[in-house]
Trainee: 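Just dropping this structure here.
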Amino acid sequence: MSEDSYYEKDALVRVHSSDSYDDLKSSRIASESSSLLIEETDEFSHLPGHEASVLRAQVQVVEPKTSFFTMYRYATSRDVAFLIVATVASILEGTIRPTISVIFGTLTGVFATYARRFNMDEEYFYNSTSGFYSSSNGSFFGEDQYNKIMYGYPNEMNNMTSSDYQYISPDEFQRTVNSYILLFVYLGVADIILSYFSIFVFIDRGQILSGRIREHYLKATMKQNIGYFDKLGSGEVTTRISSDTTLIQEGMSEKVSYMIANLSTFVTVYVLAFTRFYILTFMMLSIAFAVTVSLIVSSGMMKKYFKKAGEGYAVGGTLAEETISSIRNVQAFGIQDRLVAQYDKYLEVSERYGIKAGFALGIMTSMVWIACYNNDALAFWQGTRFIRENRMTVGQVISIILLANQGSFAISGIAPHFRSLSQARSAVAKIFATIDRASVVDPLTERGAKLENVKGEIELRNVKFIYPSRPNVCVLNNFNLRVPAGKTVALVGASGSGKSTIIGLLERFYIPLAGEVLIDGVPIESLNVRWLRQQVSLVSQEPTLFACSIYENIAHGLIGTQYEFAAEHEKRALVVSACEQANAMDFISTFPEGLDTSVGERGFLMSGGQKQRIAIARAIVSNPKILLLDEATSALDTKSEGVVQDALDKAAQGRTTIVIAHRLSTIKDADLIVVMRKGVIIEMGNHHELIEKKSEYFALVDAQKIEQQREALKSQLVQEEPEIEEKHVSLDLSRAKTVSSISSRIIDNTPKKPEIDAAKYTFGELCMFLIDMQKGYNGLNSIGMILSFINGLGYVALGFFYGGAVEAYTHLPDYDFVTHRISIFAGLLFMESIVVSIATSGSQALFSFSSQKLIRRIRYMTFRQILRQDISYFDKDANTAGSLTAMLSQDAQAIEGLTGATFGQISNALIIILSGSVVGIIVTWKLGLVLAVVMPLFIGGAFFRLYILASFQGNMKNSNQKASNFACENVSAIRTVLSLTRENEVLDTYHRTIESQHRASIPATHKSSFMYGVSQGLQFFIYALAYWYGSTFIRTGEYSILRFYITYCALIAGAQAAGMALSYAPDMGKAKFATANIKRTLSEIPDIDTWSTEGDTPENVQGEIEFKDVHFRYPTRPQVSVLRGLNLSVKKGQYVALVGGSGCGKSTTIGLIESFYRPLSGEITLDGRNIREFNINRYREQIALVQQEPTLYAGTIRENILFGTTDLDVDDERVYAVARQANIHDFIMSLPDGYDTLCGSKGTLLSGGQKQRIAIARALIREPKVLLLDEATSALDSESEKVVQAALDVAAKGRTTIAIAHRLSTIQNADVIYVFDAGKVVESGTHQELLAKRGRYYELVQLQALENAG
């Protein structure tokens, strides 16, 4: 694979070097990212106290005080019992370790006593009269004095045999050593059991408890009021529930066991040290106290920085989710790099604080190493003084030094895990802020009344309302409306007049500031929220489906009814009936799997009309008491609309129905029509009464008229209908006979693109990949490695210094000589503490710096690579917005397990192992070789555990991804979830997913914990081997005690380092899998590649588009033919309309023109050239798209409009001009912040019509040669539609325009109208020509004609 396929450093530099882009970035975007990082001002302060408190309660989030134990909030008594036992096991494990030092001290005394016989002739001569004579200074020492100094006789503390014998025979020496070696073996077995049990319990309970936190977080999210979500993106929820809960899991799992064991070791060490000699121990405690203070300060800093880093990325996660979920719009406008640059701004915030946290960790770690070596220096220096004063023995000094070393090593083992604990604590604050937030409208509570008999009378009485996210705009003021039970009331008016707000108030999505909303005379605040919503069915303007089958989507409408738990066949019968009423069975029956057909994420596999009909079927399947239709038929073609409208009219009978409609043909039979403007009722009455008034409603109706001669057309249509039906039958038959076989043959003969298997990457390949990714920072990593090498050599040096010091004590009672030698070694240890602390802090800082740079680069490049993919990539179930957002959050963070602080610790351990083995073999080659040979047992155990965990991570990916997708999908569609009262079903499904993850993890947890236990026990076995085998050489005098201790310290330090490396195996396992996943993603090259520089640049574009016998099937649904030999031609400057039933191929045609997909056969040409010949980016620059469901991004209105142009120097006048053309300028200027008004996540702060007009302005500022309008005016009210349509007509002059329209009034002036049916053109011509043909188009017009006024 070429480097350019994933390494795009130049692109990163290019984006950031653009000054014009920085100028484009407004302070509003910056404030949106920093709003989570700094304290916000009270935006409700200008309102009266009561109103401000009502709004504040809907959006305010108070961060709770949290502690380490907050993570264990959801532990049951069973969990607590397990954790207590595991804690005791960890404490016992930690307590066992200091016994090593006690045994070491005793064995050192035994070794020194025995070794003394070999240097006796060199140093001392014994005279029975005068005592011992030292040849070094010519002095005599009494026997009692010598024995007391050397061995503590007659009260020797380290001679466990309490023998008065100063000289040991070889056999006795060996027996004594062997007895202590058996203790090592017993302790090793105990350590294996205790380590295995404690680690398993902590990992297992950590998974269970973090799963409960995930569930409670999702539950808390599900019960929040909608105002909370207006300021929270679904991407942030995905980040919290996937990434932050993973951090919490890591902070409450095995790392807690490690820390408890090490703390236990530290405490036990000093307890034992006090029993030896409390004065020296107190001296050494002063250093330990200083280190403890530094640990507390550093951990506090780390928590603060990690929290800010997490907050910074959470906002970026929302932007990523928004971008990926609107990928068609992103690619159509070519704004990938601009959105990536915005995303990188948030990454910079996260990186900055991540680096600071790494520096804090480096300071903390350096303090630990200062303590380690200075403790040794202090103990040798002061211990020798106490020996000289006859207050201590050599054995006591050695024991305290060994204990202090072990205590320092235990503290150093805690330091790296503080990072995980700090990250967990910072994540806990945000997670529990949501969990503890009391929602002002809680749908999960049982509080509230439930009426026995619901008539359906609705009344809004003196209602005042302001959106919490837009506190400066009053939407409703003193609003009054009464809807009689069983009647149909239609709300009409301009976008932003408050129609949808009434729906939101009835659903209790929001709370009015004043007045009340009543059902059957009862204020809805007193009713149970869940019960209330089950009496109401809502069909939204933008229908939301869930990633399951059509049947399951419609069956969601039965929640809360008597049929919720009915038999499958009974529920299916109700679903089929609802589909027939909604005119949905016609297209459902064409799918091979019928009702069991998957609709895809957010229903992307269905056309707009198909989604709308499924949503209508879902609404009417429960036979609700109250029906709310918010533009329920806006996405339907004319024929479907007529049939569905009849079904809705029937469904409305006997129940209260509120209809919001821009298409007035759908509400002419309503009992009451309410005309609104800016939150005020202008006029009310039925259709005929309002027509007679010839006021507002009359003007709206007049704007939508197509034909005045309805009756004449109707009679002619009736005469021709049989012929039409016959003709359609023949068309269907011929289509089935020819096209399907062509498409099938093409698919069968097309080789499938090979899938990249991430599991096949070797560890070496992944390491080289990370090295390649860190280009530009490998120099820093090299310096970090050199510093780690210096730090690793510190252990080897410690062996020399320690061995030399022990050897010096064999010269006692020559105090001057011993004091001189010990002072040298103490000074060397002090110097080593300075060198090692600098090396440690430097390596930690450098590794953390490069690690944060790597994480930022990986996220940047992965996000950019994701946006590079063609649309078919996002059609796959595995590549949903939720899963890709989770990958950006989780995988990039997990890679730190092979980089940063973890990498520093692992490299340290490897250097200690290698250097210790080399020194051991050089100094005592036989002993060194044997001990070096057993090192692979440690290393092999580490890698075997890593293999187990990596395999486990791979197996768990799908279930983790599934859980993240599920949560993200439902939070993104929170209004629909709440309306359907799906909360409990969502939570139950999520609970089952979490449980299945835990069950699948248990075997791997057992294996991993066992391997860790074995690795811990192996340390004791290696100690036993070292002393047993070493004793054989000392017994024969082949090795001196100095050479033995140099080898022993070097290799045993290696064993301890290997044990530490094993503790990082879980992090490494996650990192290996995450790296493979990232490498696979960065290696995928799409068929339609927006990074490609190949292809010609279109010049002098005229805008002529032609389809020549085009066949097409979606890659994810190859069994369904969409286009079956499509032929159409669009001339230069023509306004061409595409009409036809839902699912007939109109939107697919637009997608092919945009080159989202490639046709299976045939060709699409621009100005006579196949569009494949053009560079994809240069080609799309000639086109602008306005989609059926408008997409806006979390930024200002100005920025959203400017996304339409690649020219970054557009002045405000140009922006104002296109906004006027789209009839949105006056509305924008009426807002307090004008064009700097924030749109909110996915434009949630604007109404559908407002979003659509901004999207039109965005298209117009592009000045395209070809304008594509996919139901561009579907969300506009009649008045705005008339103005916008006139603007579009003007905009269309001089350019080619292709429009999809269900509302035929918008395309009657088109130059050519193509009528689609089942993927082919069945009619074409102008409006008048097609009417004269009296064919399919003629039928569609008739079905949409309005009553003639009067």
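Just so it is clear, the values below take in all heavy atoms, side chains as well, and ignore hydrogens, waters and symmetry mates. Throughout, residue positions are numbered sequentially from 1 according to the sequence presented. All figures in this text were calculated on a predicted structure; none of them were measured in a lab.
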Trainee: side-chain hydrogen bond (donor to acceptor under 3.5 Å, both in side chains) between Gln1016 and Ser195: does it pass, once the steps are laid out?
Mentor: CA-CA 7 Å; Gln1016 294 300 101; Ser195 299; 4.9 Å; no
Trainee: What's the separation between atom OG1 in Thr99 and atom CG in Leu272, rounded to the nearest 0.5 Å?
Mentor: 8.5 Å
Trainee: Would Thr924 and Thr1047 count as having a side-chain donor-acceptor pair, cut-off 3.5 Å?
Mentor: yes
Trainee: Just so I know, are the side chains of Phe849 and Tyr777 near enough to count as touching, which here means a heavy-atom distance under 4.5 Å?
Mentor: yes
Trainee: Is the side chain of Ser833 donor-acceptor paired with the backbone N or O of Tyr373 at a distance under 3.5 Å, no angle test?
Mentor: no
Trainee: Using every non-hydrogen atom in the two residues, find where Ala379 and Ile401 come nearest and quote the distance to one decimal.
Mentor: CB-CG1, 3.2 Å
Trainee: I want to check something: taking the side chain as every heavy atom from C-beta on, are Leu854 and Leu770 in contact at a cut-off of under 4.5 Å?
Mentor: yes
Trainee: Tell me the closest heavy-atom pair linking Glu254 and Ile203, and the distance in Å.
Mentor: OE1-CG1, 3.4 Å
Trainee: Quick check: do Leu829 and Asn374 have side-chain heavy atoms less than 4.5 Å from each other?
Mentor: no
Trainee: Does the side chain of Glu93 come within less than 4.5 Å of Ser264's, by heavy atoms?
Mentor: no
Trainee: Would you check if the side chain of Gln774 reaches a backbone N or O of Ser850 as a donor-acceptor pair within less than 3.5 Å?
Mentor: yes
Trainee: Is there a side-chain hydrogen bond (donor to acceptor under 3.5 Å, both in side chains) between Ser90 and Ser257? Walk through the geometry before answering.
Mentor: CA-CA 6 Å; Ser90 297; Ser257 179; 2.9 Å; yes
Trainee: Go through the steps to decide whether Phe847 and Ser788 satisfy the test side-chain contact (heavy atoms from CB on, under 4.5 Å), and finish with yes or no.
Mentor: CA-CA 10 Å; Phe847 284 138; Ser788 291; 3.4 Å; yes
Trainee: Within the structure provided, determine whether Thr762 and Leu766 are in side-chain contact (heavy-atom separation under 4.5 Å).
Mentor: no
Trainee: Using 0.5 Å steps for rounding, measure from the CD1 atom of Ile922 to the CD1 atom of Ile1046.
Mentor: 11.5 Å
Trainee: Nearest heavy-atom pair of Ala805 and Phe380: which atoms, and what distance?
Mentor: CB-CE2, 3.4 Å
Trainee: Side chain of Ser841, backbone of Ile838: donor and acceptor closer than 3.5 Å?
Mentor: yes
Trainee: Is any side-chain heavy atom of Ile96 closer than 4.5 Å to one of Phe1020?
Mentor: yes
Trainee: For Glu351, which of Lys356, Lys853, Gln852, Arg859 qualifies under side chain to side chain donor-acceptor pair (under 3.5 Å)?
Mentor: Lys853
Trainee: When the aromatic ring centroids of Phe266 and Tyr270 are compared, is their separation below 6.0 Å?
Mentor: yes
Trainee: Take Leu194 and Ser198 through the side-chain contact (heavy atoms from CB on, under 4.5 Å) test and state the conclusion after the steps.
Mentor: CA-CA 6 Å; Leu194 293 170; Ser198 61; 5.7 Å; no
Trainee: To the nearest 0.5 Å, how far apart are CD in Glu832 and CG in Leu793?
Mentor: 9.5 Å
Trainee: Got a sec: does the CZ of Phe789 have more than 12 other heavy atoms crowding it under 6.0 Å?
Mentor: no
Trainee: Nearest 0.5 Å, please: how far is CG in Asn778 from CE in Met785?
Mentor: 11.5 Å
Trainee: Is it true that a side-chain atom of Arg276 and a backbone atom of Ile400 form a donor plus acceptor pair closer than 3.5 Å?
Mentor: no
Trainee: Measuring only between side-chain heavy atoms, which start at C-beta, is Phe801 closer than 4.5 Å to Asp376?
Mentor: no
Trainee: So Phe184 and Tyr1027, would you call those rings parallel, tilted or perpendicular, with 30° and 60° as cut-offs?
Mentor: parallel
Trainee: So, Asn791 side chain and Leu787 main chain: donor-acceptor pair closer than 3.5 Å or not?
Mentor: no
Trainee: Out of curiosity, Thr268 OG1 to Leu92 CG, how far, rounded to the nearest 0.5 Å?
Mentor: 9.5 Å
Trainee: Taking atom types as modelled and ignoring hydrogens, do the side chains of Ser366 and Thr840 form a donor-acceptor contact shorter than 3.5 angstrom?
Mentor: no
Trainee: Would you name the heavy atoms of Ile370 and Ser837 that are closest together and state the gap between them?
Mentor: CG1-CB, 3.3 Å
Trainee: Please report the shortest heavy-atom distance between Gly1030 and Phe1044, naming the atom on each side.
Mentor: CA-CE1, 3.7 Å
Trainee: Take Leu187 and Ile103 through the test side-chain contact (heavy atoms from CB on, under 4.5 Å) and record every step on the way to the result.
Mentor: CA-CA 11 Å; Leu187 291 172; Ile103 299 172; 4.0 Å; yes
Trainee: Quick one: does Arg425's side chain have a donor or acceptor within less than 3.5 Å of a partner on Met71's backbone?
Mentor: no
Trainee: To check you understand the geometry: which heavy-atom pair defines the closest contact between Ser1009 and Ile199, and what is its length?
Mentor: OG-CG2, 3.6 Å
Trainee: If you count the non-hydrogen atoms of other residues, nucleotides and ligands that lie under 6.0 Å from CZ in Phe282, is the total more than 12?
Mentor: no
Trainee: Taking the six-membered ring for Trp, are Phe277 and Phe386 ring centroids under 6.0 Å apart?
Mentor: yes
Trainee: Heavy-atom count around Phe830 CZ within 6.0 Å, excluding the residue itself: above 12?
Mentor: no
Trainee: Which is it for Phe769 and Asp772 under the side-chain contact (heavy atoms from CB on, under 4.5 Å) test, yes or no, and what are the steps along the way?
Mentor: CA-CA 5 Å; Phe769 168 73; Asp772 196 37; 5.7 Å; no
Trainee: Going by heavy atoms in the side chains, are Phe1021 and Ile192 under 4.5 Å from each other?
Mentor: yes
Trainee: Measure the spacing between CD of Glu765 and SG of Cys767 and express it to the nearest 0.5 Å.
Mentor: 10.5 Å
